[in-house]
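Residue numbers begin at 1 in each chain, while the letters A, B, ... track the order of the sequences.
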Amino acid sequence: MSAFRAGLRALFDYADSLLEQAFGARWNPCAQLGALGWLCFWLVAGTGIYLYIFVDTGVTAAYESVESLTHRQWWAGGIMRSLHRYASDAMILLAGVHLLREFAHDRMRGVRWFAWVTGLLLLPLIYACGVTGYWMVWDRLAQYVAQTTTEWLDALPLFAEPLARNFLDASHLSGRFFTLMAYIHIFAPLALLLFMWVHIQRHSGARVNPERGLAIGTLLMLTALSLTWPAMSQPAADLGTVAAVLPLDWFYLAVYPLIDRHGGAAVWLGVLAAGAVLFALPWLPPLRRPLPAVVDLNNCNGCGRCATDCPFGAIEMAPRTDAAAYTQQALVDPDRCVSCGLCVGACPTATPFRRAAALQAGIELPELRAAELRDQVVAIGGGLTVRPRILVFHCEHSAPLPHADASLGIVPLPCIGMLPPSFLDFVLSRGHADGILLAGCRSGECHFRLGDRFTEERIAGLRDPALRERVPRERVGLTWCGTTERRRRLADLGAFRSALLQAPAAVSAPVHGRTAWRLAAQAGVYTVSALLIGTVSCWPNYRQLEPDAAVVKLSFSHAAQRVEACAQLTTAELARLPINMRVRTNCRRDRWPVTVDLVFDGKLLYHGTHLAAGLQNDGPSTIYRRFAVPAGPHALTVRIRDTGRTSGYDYEASRGITLRPGRSFVIDFASAGTGFTFRGSEG
Amino acid sequence: MGFLEWRDDFRIGIPEVDHEHRQLIGLINSLHGRLVGPGQGAGIGEFLGELHAQISAHFALEETVMRSRRYAEFADHKQDHERLLDEIREIMDGYELHGRYDARTLSDALDTWFGEHFRTRDARLHAALATAGD
């Protein structure tokens, strides 16, 4: 597992490096997958509102309205429809990569479980939106989606009567069902939005808007894809026909062929098992939980800087609990604290200018106290003898450094944001080193979300506590590198060293290539993404049925005979009953199970016994089975037993039929009057 | 007798800020005592460090109060804080690196420092908060 994670992490890091070169640190899409997901949500919502104006929900009207929107209004409705589809596909893609990436970087451990779990909960909602969306168009694909979805749901012991019976043939189909779909297709996104909001609750200043340039690029990409490869319907749905080959949207329908092949129950088991593993991941070993931050009231005056800077909303300002003259104090919620130390970096009392013995900050990480940090700085700085003496504060989650030597001292930190700016002032003004290099995670991708940003803002004087202006900035270097970017880190270190020596070396490492190259690279990334989205949304085709096959559906809902005949009570027996229970006809409620045989060309194609529905087995027995059979002439016999007899049948019918390829044939049964009905096209 | 004395008109009406002002005056007075008293200058560097930390924390609190009350002259007041912190850092460095300190200069600096800041910035803050009905 950890090797898999490490490999995945390295892979993501290489991808990040490439994308960072193309897009620059600020626009790097890897760092804002979630925000891009939000963008796609709004795109889908906006286009959805437009489409809703024109879409009809009737059995035939649905398809016609979508067709007219796509073709007669291609310049607006058609584009909207395509955007609606492709942005939804992009959302699945983004959510998937986002999830993998957070897993790879191990960012769902311990107290960070919340975003992981709520994020997983978004997935079924996104799928509910997508599946109902495909359903509403009511083309051949929708027909397949309807049939398979209902068969899948029927595998759960939820519905007394199989939902799939609604799609047996045209006579069973009701426009109401489409209205229901439209409702689900509206309410599922609203629920999704609510959960997306919950998902980011524990992240202060969570990013829900991508950088403007990236947003525009994404919008342009999806629009271009919509224009060159517009979303089209399949032929109109026809329940008498089975589309042999279908272009599936694999983003949303990847499990559907598995449902066809292995049955709904097996796929439920698979999905639920996978879901259970994903949900359990934050608590699986190795679970190392660093101690959460603690507040020292003697040094806390309630200024609130730590609460402002906590990236996980783990600190709140609460009424004072001691007798001090202050009104507020910081209060850490240990269940939310990730022990990043950004609060220590924000605390004005965490300054190394204080006496070493008295150095106790208002908020501290128990595993790396400010006093320890000061001791390390002094000790490691004292060991530096060769100029330029460089002291590196090194984030444990970022690219490694070369070994420490006489001119390179390394102080490890959980996050660069933990370092109070006064430490920089201290090191340089007291001569503990000639230069300080702050070595953190890739820019914009801090393991603890905001450490790099806050550090830059503090150094630039834009955020409290700011690095004092008197500190010579040319002696403070920054290097933001992902875990695998060892070479880049070495280059940054070399450049910083040269700059300290005032050598005429290239001071800033050329992170970004020339503008033209970068634009071309961005265009390339957008093109590849568009091709991926466009392709997976309709290719490869799925063969639902062999070319010369037809489908026989055996389905009915029938209440079998009662196990015991009803008894008529005598007047004397009635009189013994309480007054509110005097009913003359007394029936035991339970019914016999229904046994069904389907004999196809002399061979038993199906034999099954179906219990009566209901907790008391007093409802109808239902059956829904679908068989792919060779087309051509066949002899059918279907038999039902619905009484307690041990041999023989209560109902039986035979028929010679000719099945045409790609058509479906329905065997239904109603005990009252009609008996067996055979519907569907025969030769 | 202290070097600086707490006066009631220093009050700005926010108990925790006033409390810290009093504390700081106490600290400055005891620093002054060390500077001019017997055993002159013992432990001054460390004492300055503590003072610096406390003043930093105090300013942080005062700035939070000003921000939360949308004090109109916040920018100017904060700038003065930064200037004062820079000055005390100068004094610290002067002492630490060059062993240089002059009791009189230091006293004067601290006087200007607090006296001025109290009389001008903090008084204005007091007035503003009072009119705002706090």
>> Testing the basics here: between A/Pro348 and B/Ala60, what is the closest heavy-atom pair and its distance to 0.1 Å?
In response: CG-CB, 3.8 Å

>> Suppose a student defines contact as a heavy atom less than 4.5 Å from any heavy atom of chain B. Which residues in residues 449-472 of chain A would they list?
In response: A/Asp464, A/Arg468, A/Arg470

> Does A/Ser429 reach the side chain of B/Met92, with side-chain heavy atoms less than 4.5 Å apart?
Replying inline: no

> Highest number of heavy-atom pairs under 4.5 Å with chain A: which of B/Glu50, B/Glu62, B/Glu63, B/His19?
Replying inline: B/Glu50

> Between CG of B/Leu51 and CZ of A/Phe353, what distance do you get to the nearest 0.5 Å?
Replying inline: 13.5 Å

>> Please find the pair of heavy atoms, one from A/Gly302 and one from B/Leu61, that lie closest to each other, and give the distance.
In response: O-CD1, 3.7 Å

> What parts of residues 72-85 of chain B touch chain A if we use heavy atoms and a cut-off under 4.5 Å?
Replying inline: B/Lys78, B/Glu82, B/Leu85

>> Looking only at heavy atoms and a cut-off of under 4.5 Å, which of A/Thr308, A/Asn301, A/Asn299 has the most pairs with chain B?
In response: A/Asn301

>> Rounded to the nearest 0.5 Å, what separates atom OG1 in A/Thr351 from atom CD in B/Gln54?
In response: 11.5 Å

> B/Arg67 versus chain A, heavy atoms under 4.5 Å apart: side chain, backbone, both or neither?
Replying inline: side chain

> Which region of A/Arg354, side chain (C-beta onward) or backbone (N, CA, C, O), has a non-hydrogen atom less than 4.5 Å from a non-hydrogen atom of chain B, or is it both or neither?
Replying inline: both

>> Counting heavy-atom pairs under 4.5 Å with chain A, which one of B/Ser68, B/Ala57, B/Ala53 comes out on top?
In response: B/Ala57

> Considering only heavy atoms, which portion of B/Gln23 lies under 4.5 Å from any heavy atom of chain A: side chain, backbone, both, or neither?
Replying inline: side chain

>> How long is the straight-line distance from OG1 of B/Thr64 back to CD of A/Gln328, given to the nearest 0.5 Å?
In response: 9.5 Å

